[in-house]
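Per chain, numbering begins at 1; letters A, B, ... match sequence-line order.
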Protein chains: 2
Amino acid sequence: MPAERSDAARNRERILSAAAELFDREGVAHVSMARIAESAGVGKGTVFRRFADRTGLIEAVLEPRVARLRTALTEGTPPLGPGAEPAEALAAFLDALFEFAWENRALNRAFEHLGPDAYYANPVCQFWIAELRARIAAVNPGIDADYFAHALFTAMRADIMDYLLSTRGMDKERIRAGIERLAGSVQR
Amino acid sequence: MPAERSDAARNRERILSAAAELFDREGVAHVSMARIAESAGVGKGTVFRRFADRTGLIEAVLEPRVARLRTALTEGTPPLGPGAEPAEALAAFLDALFEFAWENRALNRAFEHLGPDAYYANPVCQFWIAELRARIAAVNPGIDADYFAHALFTAMRADIMDYLLSTRGMDKERIRAGIERLAGSVQR
DNA sequence: GCCGAAGCGGACCGACGGTCCAGTTATACC
DNA sequence: GGTATAACTGGACCGTCGGTCCGCTTCGGC
């Protein structure tokens with residue numbers, strides 16, 4: 001597979017940064033593919049050539065932020081990285097995942113909107129959920145770790161957190177505290 | 001406001017039953033307004049005259065099922081109806097709400113898809129959440145009942161339950177058990 | 001400088017939710 | 001029974017969307 005041509009690479013960057021800016025400024029749901037193309041100064045066909053479809057583009061915008069957390073998990077220092085005592089490892093991961101989910105609410109909303117199969121089954125979410133399941137099982141081997149991993153992951157969905165923030169007037173720390181208490185139910 | 005004309009009432013029933021059947025058989029997301037009209041044997045304009053928009057039609061299909069549970073809550077016998085001891089009242093409501101959410105997964109999926117503001121803020125969900133909040137607060141006045149009401153309600157979303165069922169192979173009782181344990185975290 | 005492959009852009013497509021309005025029909029009143 | 005009228009009807013129509021297609025342009029190895 002030959003390397004990307006220079007004009008193609010330039011357009012990829014233009015599209016990614018235009019998309020990131022529009023998504024951030026106006027909310028993912030309100031930005032059409034045509035507007036991204038226009039704002040990036042390319043044709044719509046070019047956008048679909050670089051990123052197979054809308055989902056692919058959103059994934060590509062999210063990717064660098066995902067990579068940071070994933071690296072901290074697999075290669076970082078304890079308690080987030082490997083080697084910590086189980087309860088601390090779970091608490092650290094929950095906290096890091098919460099921060100990630102909070103920061104990237106806008107993008108995550110778009111994924112959630114694709115439907116549960118596309119959302120929960122997408123590779124990034126699968127990775128978070130698998131990690132969560134493993135850390136839960138390490139804390140309490142007798143529990144239904146698979147269910148609780150999904151339940152805690154669901155509690156960090158962008159749509160519910162956005163609603164609690166904007167309509168119910170809760171703040172970030174109140175939501176974090178709730179999730180932590182919820183996570184307490186996995187203890188023996 | 002004069003009563004509905006007889007032809008209008010007949011068409012309302014036709015549309016409702018056609019919609020209920022199609023939603024049930026093919027999943028709400030895959031049924032367009034045009035197909036409902038066709039299947040009911042009326043024009044598309046008629047559908048939009050009876051039910052303001054897609055959301056209104058879905059609400060109307062769900063309404064009778066909502067009414068049954070609401071009545072049991074406000075006028076039924078304890079522990080679901082008023083008068084029971086707090087912990088039992090909460091457990092009974094959680095169980096009834098779970099049954100309701102499970103039975104009506106297909107319709108609820110459609111609401112969830114409208115976005116968090118339309119979903120959580122719609123009158124039916126508001127009622128469930130308010131009831132949940134009151135029963136949680138009765139069990140443990142010191143807890144953030146508003147957050148936990150939303151969190152437990154979220155655990156019963158149709159999209160997550162559908163995913164756990166069809167893709168993760170969990171069954172109804174396993175999910176119910178998980179939610180019950182999650183609900184344990186509201187105890188003092 | 002030549003040439004084939006890769007990239008480009010915007011006209012085009014089908015599907016959707018929702019609107020409009022000219023023609024039709026039920027009903028209240030005489 | 002006849003008539004006036006307000007409500008109802010249906011399907012053509014609209015704007016928007018994600019996604020495709022393809023004739024033309026540009027890049028980069030030779």
Interatomic distance, [X] [atom1] vs [N] [atom2] [rounded to whole Å]:
X: A:Lys44; N: D:dC22; atom1: NZ; atom2: P; result: 16 Å
X: B:Ile36; N: D:dG10; atom1: CD1; atom2: C1'; result: 16 Å
X: A:Glu38; N: C:dG10; atom1: CD; atom2: C1'; result: 12 Å

**Message:** Starting the side chain at C-beta, find the nucleotide from C:dG7, C:dG9, D:dA12 nearest to A:Ala8.
**Reply:**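 Selected nucleotide: C:dG7.
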**Message:** Filter on ring-ring contact (aromatic ring centres under 6.0 Å, His included), then keep only pairs touching residues 66-90 of chain B, sequence neighbours left out; what's left?
**Reply:**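 Matches after skipping sequence neighbours: none remain.
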Detail all sub-3.5 Å separations between protein N/O atoms and N/O atoms belonging to nucleotides 23-27 of chain D.
from, atom 1, to, atom 2, distance (Å)
D:dT26, O2, A:Arg5, NH1, 3.3
D:dT26, O2, A:Arg5, NH2, 3.1
D:dC27, O4', A:Arg5, NH2, 3.4

**Asked** Can you find a side chain N or O atom of A:Asn11 that sits less than 4.0 Å from OP1 or OP2 on C:dG7?
**Response**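 No.
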**Message:** Taking side-chain hydrogen bond (donor to acceptor under 3.5 Å, both in side chains) as the cut-off, I'd like each qualifying pair that reaches into residues 129-151 of chain B, sequence neighbours left out, listed once.
**Reply:**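 Output for this query lists A:Arg168-B:Asp146, A:Arg174-B:Asp144, B:Glu131-B:Arg135, B:Arg133-B:Asp146.
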**Residue pairs involving residues 32-44 of chain B (criterion side-chain hydrogen bond (donor to acceptor under 3.5 Å, both in side chains); sequence neighbours excluded)** =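 Checked against side-chain hydrogen bond (donor to acceptor under 3.5 Å, both in side chains) - neighbours excluded - the pairs reaching residues 32-44 of chain B are B:Glu26-B:Arg35.
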**Asked** Is there a residue in residues 18-35 of chain A whose heavy atoms reach under 4.0 Å of DNA chain D, and which residues are they?
**Response**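 Residues of residues 18-35 of chain A that come under 4.0 Å of DNA chain D are, in numerical order, A:Ser32, A:Met33.
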**Asked** Do B:Met33 and B:Asp53 have side-chain heavy atoms sitting under 4.5 Å apart?
**Response**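 They are not in contact (no side-chain heavy atoms under 4.5 Å apart), so the answer is no.
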**Asked** Does any residue of residues 46-63 of chain A have a heavy atom under 4.0 Å from DNA chain C, and if so, which ones, in number order?
**Response**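 Close to the strand are A:Thr46, A:Arg49, A:Arg50.
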